[in-house]
Amino acid sequence: MKPIIFTFPEYENITNLLITKLGFEKGDVEFGSYPGGESHVRILSDVKDKEVYLVCSMDKINSVIMGLIFFAETVREFGAKKVHLIAPYLGYMRQDKRFNEGEAITSNIFAKMLSQYINSLITIDPHLHRHKSLDEIYRIPSKVLHAADPVADWIKNNINNSLLVGPDEESGQWVSDIATRAGAPFIVLSKIRRGDRDVEVSVPEVNKYRDHTPVLVDDIISTARTMIETVKHLNKAGLKKTVCIGIHAAFVDNAYQDLQDSVVEKIVTCNTIPHKSNEIDISGILSDAVKGQPHQELTK
Ligand code: R5P
């Protein structure tokens, strides 16, 4: 029996790309809410004896988490074999320690909770920093994919003579990987974050890269403070205008406009979170993973 794939309305585009590539059945579901704000879910497709996939990125996780849980429990009640979550962007990964006394380590609590409701998880470049693997916090099989190939391809096809720039030590892992694939040099900066919107960045010697186009790469652009501070320094150092690439376009409040105003060449993101800057399609790596990783394997 064909697997069936459902989505929240926000992630319709990436889901349609996946359906075209995978040939799965498209599921029909209504996600809504009652006037008091409580979530309402209605499954309109037959799920009996089917492997069920749900696409849900987690840029607005607090507003969809109840719908996600109600969905997973209900399709199981209706006879679904297993429920697999495709979360192109996995939320609640950045609070991976108690930065201040008394704080909740939300990455751990969220993972423990989600593990109760779904059978497996596929995601792209989650913020693995202090946690080295999702297995440290998730109790279900998970598959982590990397956007390095599509990002490197985009750079090769669109930028001449690029210099890849990682804004902080945490970004070093994927920036060096993407640089190798794109055949470009790279530098990694140092960052001190003093608060949500208070970031300081230091830039190494960049004189020899004056003829290069700096390509700043980070996993998430949220408030964009990290990128804005970095761009300021790169501009001050007299480099060409920067191309900013974020894997996950979280962009809170005016972050996108603020980053544009910091005088950049272009802002480009992957379509893990829908945004007008999406230029790098990751549906291919997602569908390959779903194809190459049959549900049986994901849930053994
Ligand atoms: C943090 O370590 C991440 O890799 C990003 O650098 C960070 O989350 C970006 O956040 P913001 O856009 O708020 O500076």
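First listed ligand is number 1; within each ligand, the first listed atom is number 1. All of these numbers come straight from a predicted model, not from anything done at the bench.
- No hydrogens or angles considered: a donor-acceptor pair under 3.5 Å links the side chains of Y92 and N62.
- For the pair A224 and ligand 1, the shortest N or O to N or O distance falls below 3.5 Å.
- The closest heavy-atom contact to atom 3 (C) of ligand 1, among the options D219, V252, T223, T226, comes from D219.
- For the residues D218, D125, I221, the heavy atom positioned nearest atom 6 (O) of ligand 1 is part of D218.
- Among the atoms of W174, none of the N or O lies under 3.5 angstrom from an N or O of ligand 1.
- The environment of E103 atom CD is dense: over 12 non-hydrogen atoms of other residues, nucleotides or ligands sit within 6.0 angstrom.
- In this structure, M227 has no heavy atom closer than 4.0 Å to ligand 1.
- In this model, no donor atom of one side chain and acceptor atom of the other lie less than 3.5 Å apart for T213 and S162.
- Between I65 and Y117 there is no side-chain heavy-atom pair separated by less than 4.5 Å.
- Close approach of ligand 1 to I220 (heavy-atom distance below 4.0 Å) involves ligand atoms 5 (C), 9 (C).
- When heavy-atom distances to ligand 1 are checked against a 4.0 Å cut-off, H129 has no atom that comes that close, whether in backbone or side chain.
- Here the two rings, on F24 and Y53, have centers that are under 6.0 Å apart.
- Aromatic pair H275/Y256: centroids less than 6.0 angstrom apart.
- Residue-ligand proximity, E170 to ligand 1, at heavy-atom distances under 4.0 Å covers atoms 1 (C), 2 (O).
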